[in-house]
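When a ligand or atom number is given, it counts from 1 through the structure's own listing order. One-based numbering along the sequence shown. Note that the coordinates shown come from a computational prediction; the quantities given were computed from them, not determined experimentally. Just the heavy atoms: all of them, side chains too, but no hydrogens, waters or symmetry mates, feed the values below.
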Amino acid sequence: MELDRFPRLSLAHLPTPIEPLPRLSARLGGPQVFVKRDDATGLALGGNKVRKLEYLLADAIEQGATTVITSGGVQSNHARQTAAAAARLGLACELVLPEIVDIPSHEYRHGGNVLIDRLCGAKVHVVPDGAAAQQRIADIERRVRNDGRAPYTIPVGGSNALGALGYAAAAVELLRQCESGDQSPRQSFDALVVANGSAGTHAGLLAGLLAGLAEGQALPRVYGISVAASAEIQVPKTVRLAEETLSLVGIAGVDVVRHVTVLDDYIGPGYGQPTAEAYEAIELAARLEGLLLDPVYTGKAMAGLVDLVRRGEFRPDQRVLFWHTGGAPGLFAYESWLSRRLDESAG
Ligand SMILES: *Cc1c(COP(=O)(O)O)cnc(C)c1O
């Protein structure tokens with residue numbers, strides 16, 4: 001795999017640890033569950049986007065960019081990590097945040113990730129919807145060019161093939177950890193569970209595993225838990241992105257389709273809309289392991305893992321890796337919902 005020919009910045013604390021979750025595993029009574037701590041990538045409260053930004057912003061700098069532009073929901077973790085990375089690199093940052101999630105609370109609109117965007121010096125543009133966001137991005141690009149500066153626009157979630165390379169590299173990191181037994185027992189995993197939003201994480205991991213596994217080594221099944229779109233939309237998107245990522249690293253002719261599993265049963269009413277199952281997962285992880293999940297991504301992904309275990313998807317001797325993608329800053333944006341649930345569960 002030709003990963004090394006792409007310029008890459010060092011922004012994340014790597015490798016991220018792999019930790020067992022013994023109390024959660026015991027409670028669920030199924031396989032041994034482990035966590036890959038990409039919530040601990042370090043930059044401004046961490047998360048999965050830092051790995052993508054190592055490649056995307058290296059490209060931006062190579063192209064002479066002065067201003068980074070990106071987009072995401074108001075509580076976008078991707079926007080926050082981009083703002084922090086831009087600050088660290090001395091680049092200007094403009095964030096276009098469509099109000100695609102109908103949560104009018106003060107903490108949703110101003111707390112959590114948005115607060116950190118502003119602390120890191122990003123210019124925040126809140127717009128009504130996706131169409132307005134596209135329009136605004138074009139306007140900003142024009143203004144930046146007219147000022148004699150150079151814009152670099154990153155797609156939602158950093159999910160193009162270049163961004164997904166961050167997760168191809170993460171798959172290689174995982175394979176090395178499994179081999180060396182440095183941070184984890186010297187064994188492989190039977191399955192990976194990861195949130196799938198804009199698909200770059202899932203697609204990059206698959207591409208990296210397919211490219212990095214030695215001949216004859218078994219590919220762990222990767223379960224992508226969709227947090228927004230139906231499997232009908234998300235499967236082809238993930239397949240296409242994995243194929244593009246593989247072709248970027250010089251690998252052709254891999255049958256990607258049969259390896260892509262996306263489950264869309266844990267979305268609830270929609271993207272960013274919390275569910276009872278996500279709450280249960282958040283509470284379990286916090287109370288049994290001191291591990292923080294979020295209502296938008298990792299809570300739903302863990303709800304998927306919990307449900308798969310309860311439905312007998314895994315044998316007790318199997319090892320399942322929950323790929324934690326971050327998002328805990330979003331907890332503070334959902335303070336009223338969480339407090340209400342906590343009061344209810346306290347009785
Ligand atoms: C963006 C994000 C995801 C989803 O990653 P994609 O590459 O967009 O599929 C999952 N978890 C968190 C916390 C995120 O911020």
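Ion pairing of E280 with R310 is present here, as a side-chain N (NZ or NE/NH1/NH2) and a carboxylate O approach within less than 4.0 Å. Between R340 and E335, no side-chain nitrogen of the basic residue sits less than 4.0 Å from a carboxylate oxygen of the acidic one, so the salt-bridge criterion is not met.
At least one test fails for K36 against the ring of Y167: distance under 6.0 Å to the centre or angle within 45° of the axis.
Counting heavy atoms from C-beta outward, I251 and S247 have side chains that stay 4.5 Å or more apart.
A distance of 6.0 Å or more separates the ring centres of F322 and F34. Aromatic pair Y223/F314: centroids less than 6.0 angstrom apart.
Listed by chain and residue number, the protein contacts of ligand 1 are N48, K49, K52, N77, S159, A195, N196, G197, S198, A199, G200, T201, Y297, T325, G326, G327 (heavy atom within 4.0 angstrom).
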